[in-house]
Each structure stands twice: as structure tokens, then as C-alpha cells.
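Worksheet: one structure, shown below.
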Protein chains: 2
Amino acid sequence: MSAVLLIEDDDRIRLSLAMALEDEGYQTHAVPTAEEGLEMQRRQPADAVLVDLMLPGMDGFECIRQLRRTDDVPIIVVSARDDTHDIVAGLEAGADDYVVKPVAVKELAARLRALRRRGRSASATPAVTVLTFGDLEIRPEAGEVRLHGEPVAVTRTEFRLLCELAEHPGQVLSRQQLLSRVWEYEIGDERLVDVHVGRLRHKIEDSAGKPRHLVTVRGLGYKLQP
Amino acid sequence: MSAVLLIEDDDRIRLSLAMALEDEGYQTHAVPTAEEGLEMQRRQPADAVLVDLMLPGMDGFECIRQLRRTDDVPIIVVSARDDTHDIVAGLEAGADDYVVKPVAVKELAARLRALRRRGRSASATPAVTVLTFGDLEIRPEAGEVRLHGEPVAVTRTEFRLLCELAEHPGQVLSRQQLLSRVWEYEIGDERLVDVHVGRLRHKIEDSAGKPRHLVTVRGLGYKLQP
DNA sequence: CGGTTTCGTCACGCAACCGTCACATGCCCG
DNA sequence: CGGGCATGTGACGGTTGCGTGACGAAACCG
């Protein structure tokens, strides 16, 4: 599965294209402006970018140039304008391909595959597994936790606790189990777990009062909701 | 200067396109059949191939597949047929791009440049792997490190440390793992790693206080961020 | 042989983290 | 409705982890 970022201001086209891409098996993020697209790509890089040229605010050409300053991601221009001048300008700005709307999604998918084949191998891409719980991402090998794509600072015990829960999604783990697996205490104060769960919640929950991920099951323990 | 092979059966198009490409600065070989094209590419490989789909004898699809068996050269289909089915089939056969006739030579040239930018395929360039982490480049074989394109003087242990981290981008490596892989100490003072990391940081980070690449993950170890 | 670079060790100090406790809050059930 | 128990939370030392500067030994190089 690969992720695609779609930057297109026309609501109808954006939504329908996004849905069509999802159907083709692409995880799609769609935004209406170049600014949002750049922000998105910075926070959560996609594997390919589709960009319209005529956008409110920053236009597509400038968007491509900005992207190219830091990113080697495949870029396809998807524009209604079909004159040679625009095509050349788009490609010269740094795009890899240029298609004219309306375009069949099958064709887009084929062009994405062609680009991926060709794709640069040199740039370093982390090969880390990601455990996803809604807007919460956990990368065990990277020692990293992200909420809404933003890295969250988590301490070592909190991280181990979170990983332990994440390895058993939706399953309740008792305080005793957690003590034993995270702390390697066979006996100890179970309240210790509460404290760390509490601290963790403030970091990975939008509202610590009403946790959506790290839920307590009264009398039994805690679990991490998918 | 780069050489282009044009495979197109229509005499008028072939000749006019070849001339136009010459004007754009491409050294062009134009042939009317797939068989001749393959022979040509075998004897005198061009840097890019333009191929029509409807050809007498072997058709364009088969021609592309044959080419791809031995050659990683950029291929652009130049066809009169503009339906999705053909486009997808052409790209799936191994082409990198597909344009519909009539096409402006300026556009063709821009697409060739875009492909060349992306190019760098295994067979085209000698494999000097370069690991890129934003503005940081590491060439293991060359024993070279560059920051913002500027070479940075790094000692031998620092270099090996850096390579070890770079080979696992985004992954946390513990001090113990680093000691064992870089120093081949199975036991030893883990603080040794800290010291070298610290020294390395002063060289490859713009601000050693707030490292952007060589990040420490408290309680776990270090990692190199893409 | 003298100077320079690199390496490993050590000690110090700051900052972050951890575990404990005490208290507040909320939930269950009679 | 109210007691009792389970859980949340805030504060507070003690501890640990990490960055850093200094130093001597070893290696390297002219």
C-alpha cells in the first residue's frame, strides 16, 4: 500500500479523485491548497504527489519547486490546461509527469506505477514497522510515537508500556501482567502502572479525561483500542 | 548531448519528428520498425527511446517488453491512440511515459529531461551508493561525508559509526549494538559511544545542541533521522 | 624525532525520569 | 444515598542518563 497526496482546489474533483484512488488501493490524503499540501508532506510524507496547477494562493508551479527543495518524491501534475507551454513549465519546475484532466484513474495508477519502478533508490527510507491506532502511530524500532503525524516525546517506560499494550490491540492487560512485562517486577505496587498510564495519557490522548486509545477496564486493567 | 532512438513507421512523422528533435539538440536515430529499433539499440544504445505502438511486424508493446529484458533505458510511447486501455498497457509493458500524437517537440523534450532527471537507473550509473539524510550525504565506498554539499572531515571511527547508523535509517541502535558493530567490543564502556556521537554531532549538525539528524533516544540509544 | 591528530577514559553537572505517597475523584452496589 | 473500593492526579526527593571538557596514550606523519 502506498500513500498519495492530492492537491486540488476543486471540491468535486478532489473528492471523487480521492475516492477513486482509494479504490485503486492508494491511501490518499487530499487537500485544497498548496500550503496545506506542503505542510502535509512535511509532516507525513506520501509516496507520490498529484498536484493541480491552478490553485488559490500559491500556484502549482511554486508548490512543485518548494517540494523539490527538500523532497525527491514523484510528482505528477494533474491539470485542465493542455497547452505545451504549461506542460513544459510544469515539468521544468520539477514534476515527473503531466496529465490533462479529465483523466482516467486507471491511467493515473499506471503512471504512478511507472514512476515507482523508475523511482530513486538512493534516498534513505526507513524500513520501520508502524503500529497504527487511529491517529496514533507507534514505531517500535524508531523509538517514536506520533499523534496526528506529530512526534510525541515519550519516556522510556512509557514507551515500553505503550508497546506492550500495542502488541495486544484491544486486549485487556492486567496491572500485574504489565508490571511483569514492562518492569520485570514479579511483585510490586500495581499503582505504579496507574501513574505511568496517567502520564502517558496526557501525551497521546487529545482529552486525557476521556481517553480514546488507552482505556481503563475497571477491575481488570488497561487496553489499547484500535 | 544525448542520443534518442525513434521508432515510428509513418515516414512523414518519423522524418519531421527526427528533424525537430535534432533541432532540440538530440542526436536522433529514426527507424520504421521495432525489429530495426531493437537491433539499433543493441548495437548503439541511445539514452532514450521513443516508440510508436502501431508498427508493422512486431508491435510497440512487444518492442517495449523486448527492450526491457536487457535495457533500463527511458522509454516514451508516442502513439495516436489516446484511450486509457492503450495507455495503461503501454506503461505496464515497461514504458516510462506515454504521449498522444500530435505532440509538441518542446513537450517531448521536457518529458525527456524529466525522465533523465529521474533516470539514474542501475545499469546507467556505476553503483556509488549515496545515503541521503536531508542535507547530509554519506558515500560509504568513497569514505566521504557532505553537509550542504560541502565535504566534512570525519575521523575513521566517526565514519564507521555514521555508516552503521545510516544503514538503519530512523532505527534506534543501542550503545551496546554500536559498540559491538563499530568497535567489535562485546563488552565495554558504553559512554565511549556518547563521546564519539558528541564529536560527530559537532561536525554534521548545524546546531549540535539541537541535533536534527543524529538524535538520541533517551534510554534506548541513537538514531539517524532521514 | 617532534608535532599533530585521534582515541579512550574519567569526572562533573544538568536535566529528565522514576517511584512513592497523599489526596481527590469517580464508580459500583447494597 | 452513602460507604467502600478502584482509579486519577499532583507534588516531591532520589536516581539515572547524557553531554561535555579535560587529559594522557597511542598512532600517524612529515
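Below, chains carry the letters A, B, ... as their sequence lines are ordered, and counting in each starts from 1. Here the structure is a predicted model, which is why all the values come from computation and not from measurement.
- One atom, CG of B:Asp194, and another, C1' of C:dG13, lie 15 Å apart when rounded to the nearest Å.
- Along DNA chain C, the nucleotide nearest A:Thr157 and the nucleotide nearest B:Lys203 are compared for position; the residue whose nucleotide lies closer to the 5' end is B:Lys203.
- Partners of A:Glu36 according to the side-chain contact (heavy atoms from CB on, under 4.5 Å) rule, which considers only residues two or more places apart in sequence or in another chain, are A:Val31, A:Pro32, A:Thr33.
- DNA chain C lies under 4.0 Å from at least one heavy atom of each of the following residues of residues 170-183 of chain A: A:Trp183.
- Side-chain proximity of A:Thr155 to the nucleotides D:dG19, C:dG8, C:dC17 is greatest for C:dC17.
- Per the geometry, CZ belonging to B:Arg156 stands 17 Å off C1' belonging to C:dT4, to the nearest Å.
- When heavy atoms are screened at a 4.0 angstrom cut-off, B:Gly219 is found touching the sugar-phosphate backbone but no base atom.
- Among residues two or more places apart in sequence or in another chain, the side-chain contact (heavy atoms from CB on, under 4.5 Å) test is passed with A:Gln66 by A:Leu38, A:Met58, A:Glu62, A:Arg69.
- From A:Leu161, atom CG reaches atom CZ of A:Arg156 across 13.0 Å, with rounding to the nearest 0.5 Å.
- Partners of A:Arg113 under the salt bridge (Lys or Arg N to Asp or Glu O under 4.0 Å) rule, at least two apart in sequence or in another chain, are B:Glu92.
- The salt bridge (Lys or Arg N to Asp or Glu O under 4.0 Å) check on B:Glu24 picks up B:Lys106, with sequence neighbours excluded.
- Evaluation of the side-chain contact (heavy atoms from CB on, under 4.5 Å) rule for B:Val154 yields B:Val145, B:Val152, B:Glu158, B:Phe159, B:Leu200 as partners, not counting sequence neighbours.
- The salt bridge (charged side-chain N to carboxylate O under 4.0 Å, His left out) with A:Asp194 is formed by just one residue from the set A:Arg175, A:Arg199, A:Arg201; it is A:Arg175.
- Rounded to an integer number of Å, the gap from CG of A:Leu200 to P of D:dG8 is 12 Å.
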Heavy-atom protein contacts under 4.0 Å, nucleotides 21-30 of chain C, coded B base, S sugar-phosphate only, - none: B----BBS--

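- One interatomic measurement links the two molecules: NE2 of B:His202 to C1' of C:dC7, which rounds to 17 Å at whole-angstrom precision.
- Spacing between atom NZ of A:Lys210 and atom P of D:dT9 amounts to 11 Å, rounded to whole angstrom units.
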Check against salt bridge (charged side-chain N to carboxylate O under 4.0 Å, His left out), B:Arg111 and A:Asp97: CA-CA 7 Å; B:Arg111 287 186 184 271; A:Asp97 203 344; 2.7 Å; yes

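- Toward the 5' end of DNA chain D, the nearer of the two residues B:Leu220 and A:Gly221, judged by each one's closest nucleotide, is A:Gly221.
- When distances run from any side-chain atom of A:Arg199 to the nucleotides D:dC18, C:dC18, C:dG8, the shortest one goes to C:dC18.
- The salt bridge (charged side-chain N to carboxylate O under 4.0 Å, His left out) analysis of residues 213-226 of chain A, with sequence neighbours excluded, yields no pairs.
- Look at OH on A:Tyr185: it is 8 Å from C1' on C:dC18, rounded to the nearest Å.
- Evaluation of the ring-ring contact (aromatic ring centres under 6.0 Å, His included) rule for B:His29 yields no partner, not counting sequence neighbours.
- Listed by first and then second residue, the ring-ring contact (aromatic ring centres under 6.0 Å, His included) pairs that reach into residues 190-226 of chain B are B:Trp183-B:His196, sequence neighbours excluded.
- Under the salt bridge (Lys or Arg N to Asp or Glu O under 4.0 Å) criterion, B:Glu167 pairs with no residue at all, not counting sequence neighbours.
- Backbone-only engagement by B:Tyr222 is indicated by non-hydrogen atom pairs under 4.0 Å involving sugar-phosphate atoms exclusively.
- The terminal axes of the helix from C:dC1-D:dG30 to C:dG30-D:dC1, fitted over 5 pairs per end, subtend an angle of 40° to the nearest 10°.
- Look at CZ on B:Arg201: it is 13 Å from P on D:dG21, rounded to the nearest Å.
- With rounding to whole Å, B:His196 atom NE2 is found 14 Å from D:dG19 atom P.
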